[in-house]
Amino acid sequence: PYVPGQNLAGQRVFEIDGDSMEPNYCAGMKVRASPVGRDKWPYLNSGAYVVVYDDFFVIKRIKANNYAEGYFMLHSDNHETGGSVAVPVSQIRSMWKVERIVDGPAR
């Protein structure tokens with residue numbers, strides 16, 4: 001929800017497609033995310049991120065910051081349908097930090 005006075009500049013809403021992030025983020029949910037400038041990547045904290053790299057557009061979890069080693073390890077929350085992938089920093093085009101779930105289907 002919106003909090004009066006909250007700065008939403010540059011934020012976007014993304015819809016979850018697929019089940020690799022269940023049970024935390026289910027298909028059909030919409031999340032609000034803040035852009036993360038490239039200059040901030042060395043200092044990223046763990047959390048869920050929207051990541052665009054190569055031909056992929058994913059929402060995954062970063063558990064540890066591996067920027068100094070030249071990659072980010074992206075993890076699925078659902079270990080049965082997803083896994084982990086190391087993505088070289090040089091292949092990442094953009095990132096957003098997931099801030100809130102703004103809408104979701106009833107279950």
Side-chain angles (χ1 to χ4, degrees):
Y2 173 72
V3 176
Q6 185 177 30
N7 182 3
L8 301 177
Q11 294 189 5
R12 294 186 180 176
V13 173
F14 298 95
E15 184 172 345
I16 307 293
D17 182 25
D19 62 357
S20 70
M21 290 301 286
E22 286 192 15
N24 299 311
Y25 302 98
C26 303
M29 278 185 173
K30 293 179 181 142
V31 296
R32 180 169 43 87
S34 298
V36 180
R38 192 172 288 272
D39 60 322
K40 304 285 191 237
W41 294 2
Y43 314 105
L44 286 182
N45 294 320
S46 62
Y49 291 85
V50 176
V51 182
V52 179
Y53 69 97
D54 279 344
D55 293 330
F56 297 95
F57 181 97
V58 300
I59 297 177
K60 298 292 180 193
R61 188 165 303 283
I62 294 175
K63 295 180 182 177
N65 190 327
N66 302 104
Y67 182 88
E69 288 87 35
Y71 69 94
F72 281 105
M73 184 65 74
L74 306 180
H75 303 276
S76 297
D77 284 353
N78 187 338
H79 301 290
E80 293 180 21
T81 63
S84 298
V85 61
V87 178
V89 169
S90 62
Q91 293 181 3
I92 299 174
R93 296 196 317 253
S94 57
M95 263 200 242
W96 290 271
K97 169 97 170 83
V98 174
E99 302 289 349
R100 299 190 72 81
I101 295 170
V102 294
D103 184 45
R107 290 194 160 225

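- Side-chain N/O atoms of Asn78 and Ser20 include no donor and acceptor closer than 3.5 Å.
- Counting non-hydrogen atoms of other residues, nucleotides and ligands closer than 6.0 Å to CZ of Arg93 gives a total above 12.
- A single hydrophobic cluster is not seen to contain both Met73 and Val52; linkage of ILVMFWY side chains at heavy-atom distances under 4.5 Å, directly or through other members, places them apart.
- Trp41 belongs to a hydrophobic cluster whose other members, connected by ILVMFWY side-chain contacts under 4.5 Å either directly or through intermediates, are Val36, Leu44, Tyr49, Val51, Tyr53, Phe56, Val58, Ile62, Tyr67, Phe72, Leu74, Val85, Val87, Val89, Ile92, Met95.
- Residues Arg32 and Trp96 have side chains not in contact (no heavy-atom distance under 4.5 Å, counting atoms from C-beta outward).
- His75 approaches Ser84 most closely through the heavy-atom pair ND1-OG, 2.7 Å.
- Under the side-chain hydrogen bond (donor to acceptor under 3.5 Å, both in side chains) criterion, Ser34 pairs with Gln11, Glu99, sequence neighbours left out.
- In this structure the side chain of Ser76 never reaches within 4.5 angstrom of the side chain of Arg61, judged on heavy atoms.
- The heavy-atom pair separating Ala33 from Phe14 by the smallest distance is CB-CE1, 3.9 Å.
- Side chain of Asn65 to main chain of Pro42: a donor-acceptor pair is present (N/O by atom type, distance under 3.5 Å, no hydrogens or angles).
- Evaluated for a side chain to side chain contact (heavy atoms under 4.5 Å, CB included) with Met29, the options Asp17, Ile101, Asn24 yield exactly one hit, Ile101.
- Contact of the Val102 side chain with the Val13 side chain is registered, since non-hydrogen atoms from C-beta on lie closer than 4.5 Å.
- Note that CE of Met21 and CG of Asp77 are 3.5 Å apart. Values are rounded to the nearest 0.5 Å.
- For Glu15, the side-chain contact (heavy atoms from CB on, under 4.5 Å) partners at least two apart in sequence or on another chain are Lys30.
- Between Pro35 and Gly10, the closest heavy-atom pair is CD-O, 3.3 Å.
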